[in-house]
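For reference, the structure discussed in these notes is given below.
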Amino acid sequence: MESNSIVASIKKDYILTVLETGKRVDGREFDEYREIEIIRGYAQRAEGSALVRIGNTQVLAGVKLSLATPFPDTPDEGILSTTAELVPLASPSFDIGPPDERAIELSRVVDRALRESNALDLEKLCIVPNEKVWLVNVDIYILDYDGNLFDASCLAAISALLDARFPKLEDDKIIYEEKTNEALPIKNKPVEVTFAKIGKYTVVDPNLEEEEVMDARITFGITQENELCALQKGLRGSFTREEILDLFDKAIEKAKELRRYLE
Amino acid sequence: MESNSIVASIKKDYILTVLETGKRVDGREFDEYREIEIIRGYAQRAEGSALVRIGNTQVLAGVKLSLATPFPDTPDEGILSTTAELVPLASPSFDIGPPDERAIELSRVVDRALRESNALDLEKLCIVPNEKVWLVNVDIYILDYDGNLFDASCLAAISALLDARFPKLEDDKIIYEEKTNEALPIKNKPVEVTFAKIGKYTVVDPNLEEEEVMDARITFGITQENELCALQKGLRGSFTREEILDLFDKAIEKAKELRRYLE
Amino acid sequence: MESNSIVASIKKDYILTVLETGKRVDGREFDEYREIEIIRGYAQRAEGSALVRIGNTQVLAGVKLSLATPFPDTPDEGILSTTAELVPLASPSFDIGPPDERAIELSRVVDRALRESNALDLEKLCIVPNEKVWLVNVDIYILDYDGNLFDASCLAAISALLDARFPKLEDDKIIYEEKTNEALPIKNKPVEVTFAKIGKYTVVDPNLEEEEVMDARITFGITQENELCALQKGLRGSFTREEILDLFDKAIEKAKELRRYLE
Amino acid sequence: MKVGKPEKLIVNGKRLDGRAFDELRPIKIKAGVLKRADGSCYLEWGKNKIIAACYGPREVHPRHLARPDRAILRCVYKMAPFSVKERKKPGPDRRSVELSKVITEALENVVFLNLFPRSAIDVYIEVLQAEGGTRCASLTAASVALADAGVPMKDLVAACAAGKVDGEIVLDLFELEDNYGEADLPVGIVPRTGEITLLQMDGNLTREEFEKALDLAIKGALQVYELQKAALKEKYGGENGGEQ
Amino acid sequence: MKVGKPEKLIVNGKRLDGRAFDELRPIKIKAGVLKRADGSCYLEWGKNKIIAACYGPREVHPRHLARPDRAILRCVYKMAPFSVKERKKPGPDRRSVELSKVITEALENVVFLNLFPRSAIDVYIEVLQAEGGTRCASLTAASVALADAGVPMKDLVAACAAGKVDGEIVLDLFELEDNYGEADLPVGIVPRTGEITLLQMDGNLTREEFEKALDLAIKGALQVYELQKAALKEKYGGENGGEQ
Amino acid sequence: MKVGKPEKLIVNGKRLDGRAFDELRPIKIKAGVLKRADGSCYLEWGKNKIIAACYGPREVHPRHLARPDRAILRCVYKMAPFSVKERKKPGPDRRSVELSKVITEALENVVFLNLFPRSAIDVYIEVLQAEGGTRCASLTAASVALADAGVPMKDLVAACAAGKVDGEIVLDLFELEDNYGEADLPVGIVPRTGEITLLQMDGNLTREEFEKALDLAIKGALQVYELQKAALKEKYGGENGGEQ
């Protein structure tokens with residue numbers, strides 16, 4: 001995701017010059033998100049779905065339910081599986097083919113927030129212990145990439161889970177055409193808050209221009225109890241202990257803002 | 001399958017010059033097939049097989065039978081599966097590796113003709129509904145590529161199906177060494193007829209030289225009742241409504257010729 | 001595994017000059033192995049393991065047991081599966097990715113020696129005929145490549161099998177944490193002896209320098225009864241009938257030496 | 001018989017979704033819906049939801065695919081895992097490969113590829129919600145995305161299917177008709193010239209039925225063409241120029 | 001015990017297919033059977049049916065494989081899905097990869113690779129019907145395909161296996177003997193020099209048995225060599241020149 | 001509840017393996033254990049056994065990955081099939097891909113990549129025996145392998161995890177604690193500067209718990225740093241120079 005040398009360095013100089021004035025290239029404050037919009041029920045063949053826009057970034061998540069055998073070590077729990085596709089439609093830097101390391105990291109960090117916050121009550125997704133449980137697939141589809149995929153993807157995933165309704169189950173077969181009114185057993189609504197470090201400055205919700213020059217990235221997954229449920233530092237740059245603790249505090253504040261979009 | 005620019009354009013000019021005289025580069029009429037030969041039973045470890053030669057093009061199809069679980073939406077039907085391999089032996093333009101888009105298109109268009117004409121009575125391939133049915137694999141192997149793979153492959157596939165005999169079934173196990181006398185339940189004998197459009201001319205059964213310069217290709221799958229069971233237009237060129245209707249009529253005539261080789 | 005032209009040819013000349021004096025570049029006799037060391041139980045999460053060093057070549061083999069359905073044609077036999085990975089850690093010539101032809105050949109030649117000598121009594125690995133048998137995976141991991149992978153890998157594989165103990169089996173589930181005292185049913189201890197032909201000279205246990213210039217390679221798998229259980233000639237060079245018979249005799253002698261490390 | 005097949009697909013002269021035989025599903029087209037892509041199109045066709053994006057002309061990767069005398073056009077048709085009833089595993093299946101090929105070939109006809117030697121023009125099509133007829137819908141959307149990217153074309157390609165359902169020739173099959181009907185004939189046309197650049201059929205049609213279906217599909221495609229143009233006009237303005 | 005194993009493989013001093021211990025299966029070789037390939041060979045060996053095709057010398061793809069001082073030789077052994085009892089899934093398996101490697105190495109010995117720097121010579125081998133012994137049959141066919149393509153070689157490679165069946169050393173194992181016998185020893189030789197360029201064994205042989213089997217295999221390969229030459233003569237004429 | 005979860009992970013103020021809350025497992029580090037690699041490191045950390053090897057700076061393959069202004073660093077984390085309870089199938093899984101990425105990024109911080117334009121520095125990490133905490137152990141070993149290869153670095157990266165188990169913040173989780181504990185926080189630091197270059201967390205921590213765990217992990221990493229330096233000194237000698 002690094003741009004090539006000279007252009008990148010000129011771009012970075014420009015962005016830093018603006019940051020020195022206390023503003024960002026798109027006019028935002030350091031701790032300000034771009035405009036956020038969430039449209040639930042966007043993809044109606046999914047059991048649940050949500051399109052999330054953060055500025056020009058667009059992410060669509062769809063939830064599909066099916067039946068599966070539980071894992072041997074959790075015989076009375078359903079299964080949650082999260083994937084992300086960086087479809088080439090969304091950016092010239094995304095390629096056709098199996099998920100690359102960026103897509104894998106993205107899906108795993110979102111999965112971590114969902115899983116570790118117990119967003120889904122997996123025990124309630126058990127139908128017959130050891131034999132049959134609900135498999136919940138959350139597929140995250142990046143449609144337009146203008147920065148900050150982590151936060152947008154996590155918002156889309158949890159929104160799609162909130163939107164989902166169980167389909168009818170008849171003699172062990174799913175009647176996908178008939179959705180029931182029953183929602184999934186949601187126990188927590190985690191959100192992720194990402195900061196970019198550019199030179200000595202740290203800004204929330206980086207847009208693409210900022211991501212192209214950032215030195216480091218850090219993502220906090222925050223539960224509705226303001227606890228940390230996931231954390232991921234990225235890129236070559238570093239953070240000090242103090243920066244991390246400070247950003248954690250900011251993340252808790254931002255998480256409250258984001259969680260308003262989940263109501 | 002396009003040759004490179006200058007050579008291709010000289011070749012095309014030459015072929016067009018000949019077409020203007022009402023003949024083709026190999027001396028055929030516009031609506032004339034090359035010599036056709038079909039050898040059934042060529043590959044004897046298959047339950048059925050046929051080697052088809054159209055001019056220098058050689059295609060071998062083999063039918064293997066095995067047991068499988070039926071698809072949930074057709075619990076009382078056997079399964080037909082058609083694949084094609086453009087093995088690198090057959091042409092310098094064929095590569096090692098998984099089937100490319102040419103091989104996939106070829107197999108799907110042949111499959112379509114077999115399937116939509118109900119060439120095989122799939123219900124008669126059911127052994128125990130919901131549980132066990134015959135799986136019929138038709139594998140098409142291109143051995144020498146000198147043009148018109150569609151028609152040759154379809155002829156080879158249906159010939160191999162006609163050639164096939166059920167192996168002995170004993171306690172739910174197939175004794176491949178012992179073929180019975182029972183033929184597969186063949187209900188129809190579709191054939192495919194392919195035309196190439198070169199400039200304003202349209203010729204049946206293009207050879208390789210013609211394929212290398214053709215603008216468009218159209219394949220008609222024709223049932224023994226002279227109905228259309230598959231249709232596939234290919235390449236960058238186009239056909240007008242009138243051309244298509246006219247070619248359909250010609251395809252019906254040519255199909256009768258081809259079907260004679262199936263008796 | 002060939003070095004590039006000029007350097008390789010100078011290297012070869014040098015090695016041949018030394019061979020003419022009756023010695024090898026590392027001072028060994030033609031029929032002399034490098035120092036051999038075998039450490040059993042090296043990888044303790046495996047049911048059995050062994051690290052083998054022949055000179056600077058290091059190979060680690062691990063044995064894992066699990067439950068499987070037997071093959072239909074051997075319903076009362078367990079399954080032995082041998083793989084080899086040329087991990088890129090071991091050599092600049094090894095790549096990331098699925099096993100290449102060198103790794104496949106290596107694993108198959110070791111597998112052949114184990115299988116054809118009946119090293120494992122597969123019938124004793126049957127739990128319930130037709131239903132459940134032990135699957136024995138032998139994974140060979142090349143850690144440092146300084147020549148003669150065949151002999152080192154075969155030594156590592158058989159040593160790991162000798163080291164292995166069955167884990168506890170409880171209600172059809174394997175308790176990997178609890179190893180029993182029961183060893184695998186070992187019936188034979190095959191070893192492999194490899195010779196390299198460089199010009200007109202043939203040396204046992206080639207090191208990397210020798211392998212880089214060798215014309216041909218031949219590997220004999222020898223059972224504890226001094227019978228041949230596997231044979232593999234490699235590379236572009238050739239052997240005469242007489243050379244092969246002579247090397248077979250030498251291999252029997254060397255095999256006795258190697259087998260001492262298995263006690 | 002197939003599980004799930006309705007007893008009848010036509011009841012009292014109407015189709016199961018209430019349409020007349022020659023009636024299109026509602027179609028909504030919007031050009032320029034993505035920021036990163038050079039051109040894009042969002043299309044709703046009945047319950048189908050499709051996005052197409054165009055990138056290019058741009059450098060070709062891998063390089064050996066570049067052609068000295070023209071651009072290469074590559075269309076990739078893909079379905080989102082959640083776009084269908086039973087989750088579709090990510091990764092291309094054989095059907096998607098074939099559809100990508102015929103859509104590419106249908107569009108190669110109209111793009112002036114020779115203007116951009118050694119370049120690539122890539123069109124990515126994502127089916128977000130599928131209800132039958134995604135092939136024609138995708139080709140239609142891809143055309144608009146190309147135009148939105150400013151790629152020079154001799155015309156748009158407009159597409160529509162006709163088919164046979166319970167013995168009747170009908171326009172624009174939706175999913176149930178597609179699955180349980182007797183024939184499906186997708187057609188892509190270049191409206192200005194009448195050329196047909198996409199044509200496939202599966203099912204069973206007599207010579208007469210085929211002619212009727214072909215004509216019906218062409219008629220449908222011409223209606224679709226108007227909507228394509230309207231979408232482009234809506235984005236670029238068109239009162240005092242452009243198509244009219 | 002293996003399911004399907006016959007009680008005996010040798011009955012009254014004869015093998016199950018009626019052959020004597022030192023008797024080859026019937027072999028038929030034809031050179032030049034494909035139009036597109038630069039050289040080709042059709043071979044029937046017992047019930048084995050094999051086609052080999054040679055392309056080259058030609059450009060190397062991918063390029064980084066090219067060698068400045070010689071051509072690379074690449075043989076690819078493949079089985080058709082319908083060539084064996086239970087359908088073989090398309091795509092290379094581990095056995096095919098190994099066979100491709102040893103066949104390539106056996107032929108590298110005889111081809112004058114240094115005449116064609118930076119080139120590739122590709123040999124594709126397709127097993128259409130398999131009945132045991134396809135490795136030697138493939139190597140034999142590949143040799144002829146190379147010669148048919150006019151690739152300069154110091155000699156053909158001829159191949160044949162011997163093995164041990166019910167305690168007897170026999171020539172040219174067919175499938176049942178291969179599956180249920182005690183040893184299989186495929187040998188490829190360069191007849192003019194006596195060099196052995198392919199040699200593998202699986203099974204169990206004493207020192208004496210090995211020597212006997214090796215000699216028998218070499219004898220068989222020499223018979224195969226005559227058939228190879230005859231096939232090339234039949235195509236190119238050989239009365240007044242060539243091999244004789 | 002998870003099958004196999006112990007009733008308690010902390011009994012009488014001690015952890016199940018007998019350690020105190022702030023106690024590291026025994027760690028053994030040895031530099032330069034492989035002949036072929038340019039640099040290498042063998043590391044035992046509790047029951048974890050890991051080898052890391054460094055190759056480079058060297059040519060980049062495939063070439064298009066080369067950067068004109070700096071070297072690329074590529075770390076690959078892999079587990080041997082027999083390193084875990086149930087055999088791990090060969091080939092990269094999603095977890096390995098993520099770990100490779102974060103380890104690479106953590107090390108990019110300290111390597112002077114701009115000294116080697118158009119080059120690659122590859123670090124291969126093989127987990128031979130796993131018992132929890134392989135991420136930090138791998139990063140630690142990779143650092144030493146880089147140093148052993150003579151790759152110029154501003155410092156080593158030292159790593160250690162802290163976490164929460166039965167409500168207590170503890171250092172360096174072993175497998176049972178990792179699987180059944182409440183949180184795991186791996187941390188990689190550049191000791192000379194205090195920079196944190198690897199940081200992940202899964203589980204649940206309050207703000208206070210996080211701070212406590214972070215500080216504990218940093219403390220652990222500083223201990224690990226001493227062992228790394230000792231290992232390098234043992235190989236290269238360090239009495240009269242180097243780090244001291």
Side-chain angles (χ1 to χ4, degrees), chain A residues 2 4-6 8-9 71-77 83 99-109 111-113 115-118 123 130 188 190 215-223 225-245 248-249 251-252, chain F residues 1-5 67-70 72-73 86 92-102 104-111 113-114 117 157 179-180 182-190 193-211 213-215 217-218:
Chain A
E2 293 169 77
N4 246 321
S5 38
I6 303 180
S9 113
F71 292 122
D73 55 344
T74 51
D76 53 1
E77 293 187 5
T83 72
D100 66 7
E101 57 171 27
R102 294 172 298 173
I104 288 173
E105 184 185 31
L106 174 60
S107 63
R108 284 177 61 84
V109 172
D111 182 80
R112 212 164 285 160
R115 192 174 300 280
E116 300 298 340
S117 70
N118 294 308
E123 292 190 8
N130 277 304
N188 208 319
D215 299 295
R217 191 196 66 224
I218 192 165
T219 299
F220 294 84
I222 306 284
T223 68
E225 296 82 15
N226 296 325
E227 296 191 1
L228 186 69
C229 59
L231 180 61
Q232 185 86 344
K233 179 254 161 191
L235 302 192
R236 188 180 172 181
S238 63
F239 293 93
T240 63
R241 175 190 176 282
E242 289 66 34
E243 284 173 332
I244 290 163
L245 293 172
F248 191 167
D249 293 331
I252 289 174
Chain F
M1 206 190 81
K2 278 188 175 178
V3 170
K5 180 171 175 169
R67 306 294 303 265
D69 55 338
R70 61 172 182 87
I72 56 167
L73 178 68
E86 300 196 31
D93 53 16
R94 296 165 60 87
R95 178 179 167 275
S96 299
V97 171
E98 186 195 349
L99 263 63
S100 297
K101 185 172 193 285
V102 296
T104 300
E105 292 173 343
L107 287 168
E108 280 178 334
N109 190 272
V110 294
V111 177
L113 295 172
N114 54 338
V157 174
N179 289 346
Y180 304 115
E182 291 111 78
D184 184 30
L185 175 78
V187 178
I189 65 168
V190 183
T193 62
E195 290 170 279
I196 290 168
T197 65
L198 179 134
L199 184 66
Q200 299 186 279
M201 204 284 298
D202 63 304
N204 246 283
L205 291 176
T206 64
R207 174 67 176 72
E208 294 86 312
E209 288 167 343
F210 174 72
E211 184 166 349
L214 181 60
D215 288 338
I218 291 172

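Labels below follow one simple rule: chain letters A, B, ... track the order of the sequence lines, proteins then strands, and each chain is numbered from 1. What you are looking at is a predicted structure, and each value in this text was computed from that prediction instead of being measured.
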(message) Working to the nearest 0.5 angstrom, can you tell me the gap between F:Asp215 CG and A:Leu245 CG?
(response) 7.0 Å
(message) Using heavy-atom distances under 4.5 Å, tell me whether A:Arg236 contacts chain F through its side chain, its backbone, both, or neither.
(response) both
(request) Find the distance between CD1 (A:Ile244) and CG (F:Leu214) and round it off to the nearest 0.5 Å. (result) 5.5 Å
(message) Within this structure, what is the NZ-CG distance for the pair F:Lys5 and A:Asp73, rounded to the nearest 0.5 Å?
(response) 12.5 Å
(request) Return the minimal non-hydrogen interatomic distance between A:Ser238 and F:Thr197, and the atom names on each side. (result) CB-CG2, 3.9 Å
(request) For each of A:Glu105, A:Lys233, A:Glu243, A:Arg115, tally heavy-atom pairs with chain F at distances under 4.5 Å, and name the one with the top tally. (result) A:Lys233
(request) To the nearest 0.5 Å, tell me how far A:Glu116 CD sits from F:Asp184 CG. (result) 9.5 Å
(message) With a 4.5 angstrom heavy-atom cut-off, is it the side chain or the backbone of F:Leu107 that approaches chain A, or both, or neither?
(response) neither
(message) How long is the straight-line distance from CD1 of A:Ile222 back to CZ of F:Arg207, given to the nearest 0.5 Å?
(response) 10.5 Å
(message) I need the A:Leu228 CG to F:Met201 CE distance, nearest 0.5 Å.
(response) 3.5 Å
(message) Please give me the minimum heavy-atom distance between A:Gly234 and F:Glu105, naming the atom from each residue.
(response) CA-OE1, 3.5 Å
(message) Taking every non-hydrogen pair under 4.5 Å, which of F:Glu209, F:Arg94, F:Glu195 racks up the most with chain A?
(response) F:Arg94
(request) Answer whether the closest heavy-atom distance between the side chains of F:Arg95 and A:Ile104 falls below 4.5 Å. (result) no
(message) For A:Phe248, give me all partners under ring pair (Phe, Tyr, Trp, His ring centres under 6.0 Å), at least two apart in sequence or on another chain.
(response) A:Phe220, F:Phe210
(message) Could you walk me through whether F:Glu98 and A:Gln232 satisfy the side chain to side chain contact (heavy atoms under 4.5 Å, CB included) test, starting with their C-alpha distance in whole Å, then the side-chain angles of each, then the deciding distance to 0.1 Å, before giving a yes or no?
(response) CA-CA 11 Å; F:Glu98 186 195 349; A:Gln232 185 86 344; 2.9 Å; yes
(request) Answer with side chain, backbone, both or neither: which region of F:Ile189 has an atom nearer than 4.5 Å to a non-hydrogen atom of chain A? (result) neither
(request) Identify which of F:Val97, F:Val102, F:Asp202 forms the greatest number of heavy-atom pairs closer than 4.5 Å to chain A. (result) F:Asp202
(message) Which one wins on heavy-atom pair count under 4.5 Å against chain F: A:Asp249, A:Ile252, A:Asp100, A:Asn118?
(response) A:Asp249
(request) Tell me, for F:Val111 versus chain A, whether the close heavy atoms (under 4.5 Å) come from the side chain, the backbone, both or neither. (result) backbone
(message) Could you work out, with side-chain hydrogen bond (donor to acceptor under 3.5 Å, both in side chains) as the rule, every residue matching A:Thr219, not counting sequence neighbours?
(response) A:Thr194
(request) Examine whether an atom of F:Ile196 lies under 4.5 Å from a heavy atom of chain A, and if so say whether it belongs to the side chain, the backbone or both; otherwise answer neither. (result) both
(message) Does this structure show an ion pair linking F:Lys101 with A:Glu101, if we count only N-O contacts that are shorter than 4.0 Å?
(response) no
